[in-house]
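Below, each value reflects all heavy atoms present in this structure, side chains not excepted, and no hydrogens, waters or symmetry copies. Computed from a predicted structure; not experimentally measured.
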Amino acid sequence: MNPYVIIGNSIASIGVIEGIRKTDKDTPITIVSKELHPAYCRPLISYYLEGKAKLDNIGYRDSQFYQRNNVHVIYATATSIDPSTKIISLSDGNTIPYDKACICTGSSPFIPPFAGLENVKEKYSFMTLDDALALEQALSPSSRVLIVGAGLIGLKCAEGIVERVSSITVTDLADRVLSSILDHQCASMMQKTMEDHGIHFLLNNSVVSFEENLAHMKNGETISFDVLVLAVGVRANTSLIKDIGGSINRGIIIDDHMCTSIEDIYAAGDCSEGYDITFNNHRVLAIMPNAYLQGETAGMNMANNDKAFTNAIPMNAIGFWGTHALSAGTYVGDMIEQKEENALKRFYIKDGYLNGFILINNTERAGIYTSLIRDHIPLETIDFTMLTRLSTSYAFKEEVRRKKFGGLV
């Protein structure tokens with residue numbers, strides 16, 4: 001029998017393993033891994049292409065992690081779950097029984113139905129290590145690259161390959177880069193840095209159709225390219241739960257214990273939809289810190305603990321050539337701004353609480369701001385004016401500093 005089965009081999013999965021092992025040190029754990037690699041840090045695939053990271057040091061844990069934690073990895077795809085018999089069917093024809101299972105299947109690229117896309121020979125996604133390795137083989141110093149999508153994935157791809165190719169054009173339907181996480185002014189600061197390093201942008205525009213190595217744009221322009229990267233967006237992989245009648249929306253619906261609507265099945269990471277305390281509703285929070293914390297919570301509860309994760313918030317950190325952006329929460333409420341040369345802080349206050357923030361370059365000790373959101377600390381109890389200028393624990397009362405920061409600055 002396999003009491004614990006994890007479907008997916010990701011950062012959320014590592015959280016599940018370590019959550020289980022907080023209580024249950026011995027019971028075997030089985031991972032079903034579609035990717036033929038140990039869990040790795042996905043953001044590092046762009047650094048691999050850039051030459052700043054090697055394949056043997058992008059792993060999320062050391063090479064002995066699975067063995068040390070009595071984890072057996074099966075490299076296959078889970079095709080279905082029968083909750084009545086507690087049997088998971090695999091793509092290789094085998095089956096696995098489970099007592100408790102956790103779905104950590106992540107997300108997949110969303111590919112719009114562009115006319116003529118089937119005739120583009122060199123087209124790639126940029127979500128997995130295998131995607132990066134395949135793209136690497138297609139690039140040459142003479143390559144003209146078109147990236148469709150100016151979000152996190154598309155821009156990190158551009159950064160990773162800009163020194164390997166002749167030119168890069170990034171296009172997006174939105175009127176700014178990183179439109180899901182930055183406002184116009186903050187986005188323009190990031191865009192300028194990328195333009196200074198040779199990346200061309202065609203925004204507020206979209207591809208209408210492809211004609212082999214030619215993209216026809218909505219505004220009538222055409223773009224010639226040799227290699228196409230599709231980074232339009234992602235969709236949560238929910239089919240394993242959807243197919244057995246479980247509750248899904250954009251992701252698999254989970255409660256604060258990471259339970260799905262199906263008994264003894266949990267979910268964590270980018271495939272799931274949990275409660276965002278700054279949004280006051282459920283939504284997919286496809287970011288690494290939440291994926292790990294959701295996984296750890298699921299693992300602890302699979303091992304018969306009573307653990308809740310009740311303060312999930314969206315967070316993003318990204319940087320290009322020395323220009324860094326860090327954001328968290330939701331940008332709703334009154335905005336307070338602090339400007340410096342080449343740096344910007346924006347704080348969003350709602351009902352006396354910090355609801356979200358955007359930091360450009362001045363990102364030191366941003367965890368203090370994040371804790372204000374997560375812990376729902378009334379701003380009237382601290383010197384928030386001081387905090388907007390300088391991220392310091394001295395903005396908190398002494399008793400709070402001692403409890404929260406050990407009295408340290």
Worked verdict on I241 versus C271 for side-chain contact (heavy atoms from CB on, under 4.5 Å): CA-CA 10 Å; I241 294 298; C271 66; over 6 Å; no
Check this for me: [X], atom [atom1], are more than 12 non-hydrogen atoms of other residues, nucleotides or ligands nearer than 6.0 Å?
{"X": "E212", "atom1": "CD", "answer": "no"}
{"X": "E118", "atom1": "CD", "answer": "yes"}
{"X": "K54", "atom1": "NZ", "answer": "no"}

Without hydrogens or angle criteria, can the side chains of N219 and E221 be said to hold a donor-acceptor pair below 3.5 Å? yes
Indicate whether the side chain of D175 and that of H184 have a donor and an acceptor atom separated by less than 3.5 Å.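 Short answer, yes.
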Given side chains that start at C-beta, do those of [X] and [Y] come closer than 4.5 Å, heavy atoms only?
{"X": "I58", "Y": "Y47", "value": "no"}
{"X": "L117", "Y": "I111", "value": "yes"}
{"X": "Y353", "Y": "P378", "value": "yes"}
{"X": "V170", "Y": "L155", "value": "yes"}
{"X": "L326", "Y": "Y369", "value": "no"}
{"X": "D226", "Y": "N213", "value": "yes"}

Restricting to non-hydrogen atoms, name the atom on V16 and the atom on A298 that form the minimum distance, rounded to 0.1 Å.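 The pair with the smallest heavy-atom distance is CG2-CB, 4.5 Å.
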Distance-minimising heavy-atom pair for P314 and R283: CG-NH2, 3.6 Å
Salt-bridge contact E35-R42 (side-chain N to carboxylate O under 4.0 Å): yes
So, are E136 and R164 salt-bridged, with charged N and O less than 4.0 Å apart? yes
Please list all pairs passing the salt bridge (Lys or Arg N to Asp or Glu O under 4.0 Å) test where one or both residues lie in residues 60-71, with sequence neighbours left out. E18-R61, D62-R68
Show the numbers, then the answer: is there a side-chain hydrogen bond (donor to acceptor under 3.5 Å, both in side chains) between N237 and S108? CA-CA 7 Å; N237 294 323; S108 297; 2.7 Å; yes
Under the 3.5 angstrom rule, does the side chain of [X] hit a backbone N or O of [Y] as a donor-acceptor pair?
{"X": "N301", "Y": "K307", "answer": "yes"}
{"X": "K156", "Y": "G319", "answer": "yes"}
{"X": "S13", "Y": "G8", "answer": "yes"}
{"X": "T260", "Y": "I265", "answer": "yes"}
{"X": "D172", "Y": "A174", "answer": "yes"}
{"X": "K86", "Y": "D99", "answer": "yes"}

Show which side-chain atoms of residues 196-203 pair as donor or acceptor with protein atoms under 3.5 Å away, not counting sequence neighbours.
from	atom 1	to	atom 2	distance (Å)
D196	OD2	K192	NZ	3.0
H197	ND1	T193	O	3.0

The single option from T297, N305, D306 passing side chain to side chain donor-acceptor pair (under 3.5 Å) against H257: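 So the option named by the test is D306.
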Only one of Y66, Y40, Y75 passes side chain to side chain donor-acceptor pair (under 3.5 Å) with N9; say which it is.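 Single side chain to side chain donor-acceptor pair (under 3.5 Å) partner of N9 among Y66, Y40, Y75: Y66.
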What verdict does the side-chain hydrogen bond (donor to acceptor under 3.5 Å, both in side chains) test give for H37 and D130, after you've listed the backbone C-alpha separation in whole Å, the side-chain angles of each residue and the deciding distance to 0.1 Å? CA-CA 9 Å; H37 310 283; D130 287 335; 2.8 Å; yes
Spacing of OG1 belonging to T23 relative to NZ belonging to K25, to within rounding of 0.5 Å: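 Rounded to the nearest 0.5 Å, the OG1-NZ separation comes out at 7.0 Å.
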Value for OG (S180) from CG (L152), rounded to nearest 0.5 Å, stands at 6.0 Å
Start with the C-alpha gap between V234 and I153, add the side-chain angles, then the distance that decides, and say whether side-chain contact (heavy atoms from CB on, under 4.5 Å) holds. CA-CA 10 Å; V234 298; I153 295 172; 4.0 Å; yes
For K100, the option from I20, D264, V5 that meets side chain to side chain contact (heavy atoms under 4.5 Å, CB included):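 Output: one option passes, namely D264.
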Show your reasoning for whether side-chain hydrogen bond (donor to acceptor under 3.5 Å, both in side chains) applies to N342 and N361. CA-CA 7 Å; N342 298 319; N361 285 335; 6.0 Å; no
Ring-plane angle category for Y348 and Y331, please: parallel below 30°, perpendicular beyond 60°, tilted otherwise.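 Aromatic pair Y348/Y331 classed tilted.
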Please verify the inter-ring angle class for F114 with F210; under 30° counts as parallel, over 60° as perpendicular, anything in between as tilted. perpendicular
